[in-house]
Amino acid sequence: MMENKENERNVIAVIVTYNRKELLKECIQALINQKGEKCDVLVIDNKSTDGTYEYIRNLVDMKTIIYENTGENLGGAGGFNYGIKKAYSLGYKYIWVMDDDCIVHENTLEEFIKVDKELKGNYGFLSSKVLWKDEKLCKMNIQRKTLFASVRDFEKDIEPIAMASFVSLFIKSSVIKQLGLPIKEFFIWTDDWEYTRRISRKYNCYLVNKSVVTHKSKSNMGADIINDSEDRLDRYKYIYRNDVYLYRREGIKGWLYIILRDTYHIMRIIVSKASDKKKRINVIIKATKEGKKFNPPIENV
């Protein structure tokens with residue numbers, strides 16, 4: 001696989017993984033099985049403790065993949081920052097980003113390359129249509145057509161979008177050079193939306209509906225502080241803090257969105273049957289306040 005580095009299209013897939021070795025191997029195998037177009041594979045391991053390296057060691061030894069261990073759990077944001085930076089340093093023209101539970105289809109990359117040619121490279125990023133295990137749309141990965149409105153048309157060949165997830169995101173290195181890397185200080189959540197919005201503020205970006213992947217997440221739902229279990233509530237400080245950073249950049253309309261969204265979530269908690277309502281509400285309020293002073297730097301390659 002590594003000989004493709006000399007291919008004129010020069011694509012590398014960047015996978016961030018943490019303690020999901022069986023899904024990771026399925027992800028890698030699907031990339032290897034691509035038809036028509038091939039890519040190299042870079043695995044960024046956030047210091048897994050489940051024997052991930054031993055599980056894929058033969059692929060590393062055969063030079064089928066490039067393996068990098070971060071040495072600590074940097075979270076998804078830190079892992080993608082690390083991986084995109086590494087891929088850029090290796091000289092690839094296109095960087096294809098995904099989680100370890102993203103399973104590409106046989107022509108996923110081929111469809112990206114077709115659109116790249118049709119657009120003559122005039123775009124910021126391309127994003128795949130994401131299905132869940134039941135072949136219905138994966139709710140957590142539905143792209144935003146505008147800052148606030150989700151995509152509804154999944155039939156057109158391409159659809160203009162403003163934000164997308166890191167579950168099969170195709171980026172040109174020239175764009176990364178200009179606009180920098182994902183913000184590692186986000187740790188988890190919103191890093192992909194902030195990064196893709198940073199790009200779409202400068203360039204036209206597109207959903208490619210014929211480029212399809214399957215996201216093998218545990219459930220087909222997004223982050224939900226109202227219904228999530230009590231032991232996971234502390235994680236939500238990241239999404240509410242990071243969202244303030246993202247939306248305040250949009251000015252008054254961004255602040256208005258945050259106020260209305262947070263108010264709506266708090267009201268839903270109040271009328272819900274959720275346990276520990278006070279803690280859920282306090283997470284939202286405290287994290288939103290923290291977000292007002294949250295100013296991590298944008299790192300350049």
Side-chain angles (χ1 to χ4, degrees), residues 4 7-15 31 34 36-40 42 80-81 83-85 87-88 90-99 102 104-105 107-131 137-138 141-183 190-213 215 246 249-250 298-301:
N4 292 322
N7 186 287
E8 64 176 357
R9 297 189 181 94
N10 212 13
V11 182
I12 189 165
V14 177
I15 311 166
L31 285 165
Q34 288 275 286
E37 298 290 340
K38 299 292 184 180
C39 65
D40 287 350
L42 169 62
F80 285 117
N81 171 288
I84 292 172
K85 179 164 53 178
Y88 181 89
L90 292 172
Y92 287 86
K93 184 177 181 181
Y94 302 103
I95 297 173
W96 186 15
V97 179
M98 63 193 70
D99 285 319
C102 172
V104 306
H105 295 193
N107 66 336
T108 306
L109 177 57
E110 184 175 43
E111 294 299 332
F112 275 151
I113 298 300
K114 285 180 182 177
V115 172
D116 171 79
K117 287 181 176 179
E118 290 169 5
L119 296 175
K120 298 180 180 179
N122 294 318
Y123 63 90
F125 67 80
L126 305 176
S127 176
S128 292
K129 177 163 71 174
V130 185
L131 306 179
L137 287 172
C138 191
N141 302 121
I142 292 177
Q143 295 85 351
R144 285 277 178 93
K145 184 173 177 62
T146 67
L147 192 61
F148 311 112
S150 296
V151 170
R152 294 182 180 273
D153 190 339
F154 291 92
E155 299 301 324
K156 289 181 183 176
D157 287 351
I158 63 173
E159 179 75 359
I161 55 175
M163 293 189 286
S165 75
F166 280 155
V167 178
S168 190
L169 188 77
F170 192 78
I171 323 168
K172 297 184 299 179
S173 288
S174 59
V175 172
I176 295 166
K177 181 179 181 181
Q178 181 185 3
L179 298 178
L181 298 165
I183 299 174
T190 314
D191 52 315
D192 45 8
W193 281 34
E194 184 283 324
Y195 192 55
T196 53
R197 179 56 180 155
R198 197 192 315 166
I199 296 171
S200 71
R201 285 164 66 93
K202 300 286 186 180
Y203 296 97
N204 292 328
C205 302
Y206 300 94
L207 162 64
V208 180
N209 278 313
K210 290 183 178 179
S211 175
V212 182
V213 299
H215 190 188
L246 166 62
R249 187 169 59 192
E250 306 293 335
I298 292 175
E299 182 181 355
N300 293 313
V301 289

- Contact check, side chains of Asn204 and Asn122, non-hydrogen atoms, under 4.5 Å: no
- Query: Heavy-atom distance under 4.5 Å between the side chains of Phe125 and Val175, does that happen here?
  - Reply: no
- Nearest non-hydrogen partners of Gly91 and Asn10, listed with the distance: O-ND2, 3.1 Å
- Name all residues meeting the side-chain hydrogen bond (donor to acceptor under 3.5 Å, both in side chains) criterion together with Ser211; count only those two or more places apart in sequence or in a different chain, and write none if there are none. Ser128
- Query: Given the rule in the side-chain contact (heavy atoms from CB on, under 4.5 Å) test, do Lys114 and Lys210 qualify, once you have shown the distances and angles that lead to the verdict?
  - Reply: CA-CA 10 Å; Lys114 285 180 182 177; Lys210 290 183 178 179; over 6 Å; no
- Query: With side chains defined as the heavy atoms from C-beta onward, is the minimum distance between Trp96 and Thr108 less than 4.5 Å?
  - Reply: yes
- Those residues that, when tested against Glu250, pass salt bridge (Lys or Arg N to Asp or Glu O under 4.0 Å) (two or more places apart): Arg197, Arg201
- Report the residues that fulfil side-chain hydrogen bond (donor to acceptor under 3.5 Å, both in side chains) with Tyr123, sequence neighbours left out, ordered by chain and then residue number. Asp116
- Please name all residues satisfying side chain to side chain contact (heavy atoms under 4.5 Å, CB included) with Leu131, sequence neighbours left out, ordered by chain then number. Lys129, Leu137, Val212
- So OG1 of Thr196 and CG of Leu169: to nearest 0.5 Å the spacing works out to 7.0 Å
- Query: Tell me, which pairs form a salt bridge (Lys or Arg N to Asp or Glu O under 4.0 Å) where one or both residues lie in residues 158-172, sequence neighbours left out?
  - Reply: Lys145-Glu159, Lys156-Glu159
- Item | Within-4.5 Å side-chain heavy-atom neighbours: Ile15 and Leu31 | yes
- Item | Among Val208, Asn209, Ile171, Ile161, side-chain contact (heavy atoms from CB on, under 4.5 Å) partner for Ser127 | Ile161
- Item | Side-chain heavy atoms of Phe154 within contact of Gln143, under 4.5 Å | yes
- Who passes side-chain hydrogen bond (donor to acceptor under 3.5 Å, both in side chains) against Ser165, sequence neighbours left out? Asn141
- Query: Which value, rounded to the nearest 0.5 Å, describes the distance between Tyr206 atom OH and Leu126 atom CG?
  - Reply: 9.0 Å
- Query: Can you tell me how far CG of Asp191 sits from CD1 of Ile183, rounded to the nearest 0.5 angstrom?
  - Reply: 9.0 Å
- Note on the structure: Sequence neighbours excluded, the answer for ring-ring contact (aromatic ring centres under 6.0 Å, His included) partners of Tyr203 is none
- Approximate separation, where rounding is to 0.5 Å, of Lys85 NZ and Ile95 CD1: 12.5 Å
- Taking all atoms of both residues into account, what is the closest heavy-atom pair of Cys138 and His215, and its distance? SG-ND1, 3.7 Å
- Taking all non-hydrogen atoms of both residues, which atom of Leu42 and which atom of Gly83 are closest, and how far apart? CD2-O, 3.7 Å
- Message: Could you check whether any side-chain heavy atom of Asp40 comes within less than 4.5 Å of a side-chain heavy atom of Leu90, counting everything from C-beta outward?
- Response: no
- For Val14 against Ala87, the heavy-atom pair lying closest together: CG2-CB, 3.8 Å
- Query: Which residues satisfy the ring-ring contact (aromatic ring centres under 6.0 Å, His included) test with Phe80, sequence neighbours excluded?
  - Reply: Phe166
- Under 3.5 Å: donor-acceptor pair, side chain of Ser173, backbone of Tyr88: no
- Task: Rounded to the nearest 0.5 Å, what's the gap from NZ on Lys93 to OG on Ser174? Could you check?
- Result: 8.5 Å
- Task: Return the set of residues passing salt bridge (Lys or Arg N to Asp or Glu O under 4.0 Å) with Glu118 (not counting sequence neighbours), or none when no residue passes.
- Result: none
- Rounded distance (nearest 0.5 Å) linking atom CZ of Phe112 with atom CG of Leu109: 8.0 Å
- Query: For Phe148, which residues count as a side chain to side chain contact (heavy atoms under 4.5 Å, CB included) partner, sequence neighbours excluded?
  - Reply: Tyr247, Lys253, Tyr257
- Would you find a donor on one side and an acceptor on the other, under 3.5 Å apart, between the side chain of Tyr195 and the backbone of Gly180? yes
- For Lys202, enumerate each residue passing the side chain to side chain contact (heavy atoms under 4.5 Å, CB included) test, keeping only those at least two apart in sequence or located in another chain. Leu179
- Message: For Glu110 versus Glu37, what's the shortest heavy-atom pair and its separation?
- Response: CA-CG, 3.6 Å
